[in-house]
Amino acid sequence: MKLEDFGYNKEIEKLRVDTNLKDFEVGRIIVQHKEKYIVKTERGDFDAEITGNLRYSANGPEDFPAVGDWVALVIYDAYISIIHKIIPRVSVISRQAIGKHGDIQVIAANVDFAFIVQAIDRDFSINRIERYLTICNSSEIKPIIILNKIDLIADIELQQLVTTVQKRIKHIPLVCLSNTSKKGLKKLEAYLFKGKTYCFLGSSGVGKSSLINNLIGNNVMATREINERIHRGKHTTTHRELLVTEKGIFIDNPGMREIGITSSTDGITDSYNEIFSLAKQCKFSNCKHIDEIGCAVLKALNSDKLNLSSYQNYLKMEKEKEHFELTVSEKRKKDKKFGKMIKNIKKRNKY
Ligand code: GDP
Ligand code: ZN
């Protein structure tokens with residue numbers, strides 16, 4: 001298999017050259033389990049570990065390889081390979097690590113498209129869709145919204161739901177799907193391209209695995225047996241896997257309830273994206289849309305062109321984001337300080 005078959009392109013090649021990693025083999029992380037990895041290369045799939053240097057220079061979990069990462073590695077034999085560096089990420093889906101203050105956990109790297117999956121039953125929440133859109137927006141990942149399990153409601157109900165979503169979220173592709181009846185599957189497949197990487201976002205139970213199964217059929221080129229070496233047949237919720245198929249490259253994610261998304265009941269009418277495009281017309285580029293002069297968002301709000309709950313949801317998310325970024329930068333500072341302290345001690349003691 002060629003590197004291009006599992007997603008390699010000119011952009012990544014340039015990053016590899018720019019970061020002086022040309023002398024290494026190139027591979028892509030297809031499975032990660034704690035600090036053990038499986039890397040796909042042109043020579044096949046290899047178990048891999050990271051160098052001590054990579055481990056000790058890491059500032060946090062985000063500096064460790066994640067599924068989808070392109071890495072520079074040395075292959076020693078069929079069973080041993082060592083990852084030296086991560087080639088800079090083109091895009092990333094991350095979240096606040098569970099339980100650890102200010103840590104970022106990378107869920108998937110180098111993703112081109114995200115399928116935001118929601119089931120039309122109890123899981124349905126426009127606010128949550130907007131959350132996922134924010135994640136995509138901040139990393140230039142193209143989103144596609146999927147309303148799944150449409151076999152469970154009447155056509156007229158579905159039509160209402162679609163209207164509601166489209167009223168608030170404009171210009172993002174929306175596909176109605178049933179994994180049971182396979183309705184909508186063809187439409188969805190129109191978004192698939194060989195060599196592009198797709199990630200599935202959505203709470204557990206919305207039908208992500210069923211969808212992946214429907215999409216791949218017998219198409220998986222990746223061998224699952226090798227992956228069993230790491231999993232030993234056990235299905236763990238932390239495992240993430242990258243599947244290379246003729247139709248596209250799929251990253252199979254665990255439930256993302258932890259992504260920092262709180263479900264809240266929402267008033268539904270307008271568009272989150274609309275705020276983004278309005279914001280471009282604000283007088284000040286750093287406008288927070290709260291009380292600034294020349295704010296296009298406030299103007300739209302006052303003239304009822306923007307829905308109030310959409311606006312409130314936006315503010316709430318911005319606030320959370322700010323808080324999150326603050327804790328991350330605080331943590332970085334602390335880590336840096338600590339690193340310096342260690343260095344000084346080492347210097348003093350001439351290690
Ligand atoms: P995941 O946790 O997001 O991967 O969800 P799963 O794919 O495991 O699906 C959760 C449950 O929903 C399973 O019992 C599926 O059979 C069911 N399911 C998935 N897609 C559909 C659908 O389109 N219609 C119906 N009625 N059930 C579905
Ligand atoms: Zn503004």
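Start at 1 with the first residue, then count along the sequence. Note that this is a predicted model, so its numbers are computed, not measured. Order of appearance sets the numbers: ligands from 1, and atoms from 1 within every ligand.
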Pairs of nitrogen or oxygen atoms closer than 3.5 Å, one from Leu177 and one from ligand 1: do any exist? no
For Gly205 and ligand 1, does the shortest N/O to N/O distance drop below 3.5 Å?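 Yes, since at least one N or O of Gly205 sits under 3.5 Å from an N or O of ligand 1.
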Quick one: CG on Leu192 to NZ on Lys247, what's the gap to the nearest 0.5 Å? 7.0 Å
What is the SG(Cys295)-the Zn ion (ligand 2)-ND1(His289) angle, to the nearest 10 degrees?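 Angle SG(Cys295)-the Zn ion (ligand 2)-ND1(His289): 110°, rounded to 10°.
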ang(SG Cys287, the Zn ion (ligand 2), SG Cys282) rounded to 10° is 120°
Could you tell me whether Leu152 approaches ligand 1 through its side chain, its backbone, both or neither, with non-hydrogen atoms closer than 4.0 Å?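 Side chain only; the backbone of Leu152 stays clear of ligand 1.
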Going by the atom numbers of ligand 1, which of them fall below 4.0 Å from some non-hydrogen atom of [X]?
X	answer
Ser210	6 (P), 7 (O), 9 (O), 15 (C), 19 (C)
Asn148	20 (N), 21 (C), 23 (O)
Asp151	22 (C), 23 (O), 24 (N), 25 (C), 26 (N)
Ser178	23 (O)
Lys208	1 (P), 3 (O), 4 (O), 5 (O), 7 (O)

Considering residues, nucleotides and ligands other than Ile156, do more than 12 of their heavy atoms fall under 6.0 Å from its CD1?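 Open.
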Considering non-hydrogen atoms only, spot the tightest contact between [X] and [Y] and give its length.
X	Y	answer
Ala66	Ile29	O-CB, 3.3 Å
Asn9	Ile12	OD1-N, 3.0 Å
Pro88	Asn110	O-OD1, 4.5 Å

Tell me if a side-chain donor or acceptor on Gln32 pairs with a main-chain N or O of Lys34 at a distance below 3.5 Å. yes
Would you tell me which option among Leu201, Thr180, Val206 has the nearest heavy-atom contact to atom 22 (C) of ligand 1?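 Minimum heavy-atom distance to atom 22 (C) of ligand 1 goes to Thr180.
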Do Glu292 and Cys287 have side chains that get closer than 4.5 Å, going by heavy atoms? yes
Please check if the distance between the ring centroids of Tyr198 and Phe115 is under 6.0 Å.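 Aromatic pair counts; centres sit under 6.0 Å.
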